[in-house]
Participant: 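Sending over a structure as structure tokens; questions will come in a sec.
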There are 2 protein chains.
Amino acid sequence: MNTLSDLPPELPKVTVDVVIFTLLNDELKVLLVQRPIQPFAGSWTLPGGFVQAEESLEEAARRVLAEKGRISNVWLEQLYTFGEPHRDPRARIITVTYFALIRPDTLQTRYGDDTVAWHYAYDPPVIGFDHADIIAYAIQRLRYKLEYTAVAFQLLPEAFTLTELQNAYEHILREPLDKRNFRRKVLATDLLEETGDVRSGDHRPAKLFRFSENARFEIQARRLFP
Amino acid sequence: MNTLSDLPPELPKVTVDVVIFTLLNDELKVLLVQRPIQPFAGSWTLPGGFVQAEESLEEAARRVLAEKGRISNVWLEQLYTFGEPHRDPRARIITVTYFALIRPDTLQTRYGDDTVAWHYAYDPPVIGFDHADIIAYAIQRLRYKLEYTAVAFQLLPEAFTLTELQNAYEHILREPLDKRNFRRKVLATDLLEETGDVRSGDHRPAKLFRFSENARFEIQARRLFP
DNA sequence: ACAAAAGTGTTGTATATACACCCATGA
DNA sequence: TCATGGGTGTATATACAACACTTTTGT
């Protein structure tokens, strides 16, 4: 694997960083890695790595996901490319960023490894490099996509209640939504189907839904909330 | 300036390519450069260049605009980053693409230089590398932005008639628009103001408009056609 | 006077919003 | 029986789409 010291200093090098979001306890979280060394020792940064010679940018991003948290088969989209000359004080680094949405149980970190952890996306710890900007931009894109597409199911378990879906929207958008209007809108699309089961809690059981198969092809195109 | 042969072959190198659009004779055109050498000798490609050590990506894109057509002070936005391993047969090249909208009179090419020229964006000549994909993606983004923002004025002269504005929209979107609805919508925004002059042709003179100053700050945000 | 482009309103339809009560269950 | 979250309908306002004729000028 390349390290910074392997590389001639005069040429830009290319990394991919991935903003990995999940919903954990109704909170939007982002996966961060704590830096053991200078610069920014102790600060948290996005998981990333150098682009290898024979992999595409998206393959590099998926490799990073696999290496940091054994995450595979997730939804991933290119976000933006950051290339200010001195964003890394050591060398010229150009970073192609991706963002991913996963269910929290998809992540497997090594037992006892507290250098890879979920943090509040809206209230992160001390962040190194320009990664706070990247996270802020990713949140903006996520909120935008949430209003216009059906990406939300990437964050939810296979089956979910309409209240759970609405909670996900409310916590990411940070605004309350009207229950009746929300239900009418999501049911008016053909993206949801009932599983036939219910979730029984303390009170009245709630119908369980899943995203229909064709929803997976419409993440990009469909406007859930026009 | 770096050339491919200067660079060690094992590391990805970074270029910026710029998709420069204009409207010329009511047609959407893209600026292309004819390649003098292999690979793809004779094919047309996007203007581009290597990212230099001390310039940002956007600065690199502006340098390309200045070098190829003495174009300065134009609207520019990052588009996407292309990085498939063998998109350039000679070496691993990662290209950060930008797109720009200019008025056709902004371009100054050297007299007699026919290796830099406007081509039909919707009906381009033979294109080298994967630049046809890049152009197609840029058109898609342009159409999208046109429906949701006020970018169109980047393509029009300082003063224009409503019919000229509608023509611009119709030729980029490739669909006819209703004259009354179009006028009502654009005038309902506060993005346009009358210059007070009229354009006299063969027939009834048309009022001239300009984009108001605050429109320039709202290119990104404002939805012209919600 | 006529050709050609500029300019102008109304109506129906669809969509978004605001809002409050009854239902089913477990304790 | 009561506490809790699940589930439901209507009325109003706003936005969009369809549509045709009159006005002004130059020749």
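Hydrogens, waters and symmetry mates play no part in the numbers below; they use all other heavy atoms, side chains included. Residue numbers begin at 1 in each chain, while the letters A, B, ... track the order of the sequences.
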Participant: Between A:Arg183 and D:dG7, is there a side-chain N or O to OP1/OP2 distance below 4.0 Å?
Facilitator: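 True: A:Arg183 side-chain N/O within range (under 4.0 Å) of D:dG7 OP1/OP2.
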
Participant: Atom CG of B:Leu177 and atom P of D:dA18: how far apart are they, to the nearest Å?
Facilitator: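 It works out to 11 Å between those atoms.
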
Participant: Once you measure the plane-to-plane angle for B:Phe99 and B:Phe21, does it fall in the parallel (<30°), tilted (30-60°) or perpendicular (>60°) bin?
Facilitator: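 The rings of B:Phe99 and B:Phe21 stand perpendicular, inter-plane angle above 60°.
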
Participant: Report the distance from atom CG of A:Leu187 to atom C1' of D:dG9, rounded to the nearest whole Å.
Facilitator: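 Value for this atom pair: 14 Å.
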
Participant: Suppose we call a contact any N or O donor and acceptor under 3.5 Å apart; does that hold for the side chain of B:Arg180 and the base of D:dA20?
Facilitator: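 Yes, the side chain and the base share a sub-3.5 Å donor-acceptor pair.
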
Participant: Report the distance from atom CG of A:Leu165 to atom P of D:dG6, rounded to the nearest whole Å.
Facilitator: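 Taking atom P of D:dG6 as the reference, CG of A:Leu165 is at 13 Å.
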
Participant: Do the ring planes of A:Phe129 and A:His131 sit parallel (below 30°), tilted (30 to 60°) or perpendicular (above 60°)?
Facilitator: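 Ring orientation, 0 to 90° scale: tilted.
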
Participant: Just the rounded figure in Å: distance from P of D:dT4 to CG of A:Asn167.
Facilitator: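 The answer, rounded to whole Å, is 17 Å.
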
Participant: Between B:Arg184 and B:His203, which is nearer to the 5' end of DNA chain D once each is assigned its nearest nucleotide?
Facilitator: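 Looking at DNA chain D, the more 5' nearest nucleotide goes with B:Arg184.
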
Participant: Kindly say if B:Thr163 contacts the phosphate of C:dA6, meaning a side-chain N or O under 4.0 Å from OP1 or OP2.
Facilitator: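 Answer is yes, contact under 4.0 Å.
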
Participant: Counting distance alone, no hydrogens or angles: does the base of C:dA5 have a donor or acceptor under 3.5 Å from a partner atom on the side chain of B:Arg204?
Facilitator: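 Result: no qualifying N/O pair found.
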
Participant: What is the distance, to the nearest angstrom, from the CD atom on A:Glu164 to the C1' atom on D:dG5?
Facilitator: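 Taking atom C1' of D:dG5 as the reference, CD of A:Glu164 is at 12 Å.
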
Participant: For B:Thr161 and B:Asp178, find the nucleotide of DNA chain C closest to each by heavy atoms; which residue's nucleotide sits nearer the 5' end?
Facilitator: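 The 5'-side residue here is B:Thr161.
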
Participant: Does a donor on one side chain and an acceptor on the other come within less than 3.5 Å for A:Arg183 and A:Thr163?
Facilitator: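 On atom types as modelled, these side chains qualify, holding a pair under 3.5 Å.
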
Participant: Atom CZ of A:Arg199 and atom P of C:dG26: how far apart are they, to the nearest Å?
Facilitator: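 A:Arg199 atom CZ is separated from C:dG26 atom P by 15 Å.
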
Participant: Salt-bridge test for B:Arg63 and B:Glu59: reply yes if a basic N is under 4.0 Å from a carboxylate O, no otherwise.
Facilitator: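 Salt bridge absent between B:Arg63 and B:Glu59.
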
Participant: To the nearest angstrom, how far is A:Lys207 atom NZ from C:dA24 atom P?
Facilitator: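 So the NZ-P distance, A:Lys207 to C:dA24, works out to 11 Å.
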
Participant: Just checking A:Lys179: base, sugar-phosphate only, or nothing, at a heavy-atom cut-off of under 4.0 Å?
Facilitator: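 Since a base atom lies under 4.0 Å of A:Lys179, the category is base.
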
Participant: May I ask you to verify whether the side chain of B:Asn181 and the base of D:dA18 hold a donor-acceptor pair under 3.5 Å?
Facilitator: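 Under the 3.5 Å cut-off, the side chain and the base do form a donor-acceptor pair.
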
Participant: Under 3.5 Å, is there a donor-acceptor pair linking the side chains of A:Arg87 and A:Thr95?
Facilitator: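 Distance-only check passes for A:Arg87 and A:Thr95.
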
Participant: To the nearest Å, give me how far apart CD (B:Gln166) and P (C:dA6) are.
Facilitator: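 My rounded result for the distance is 10 Å.
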
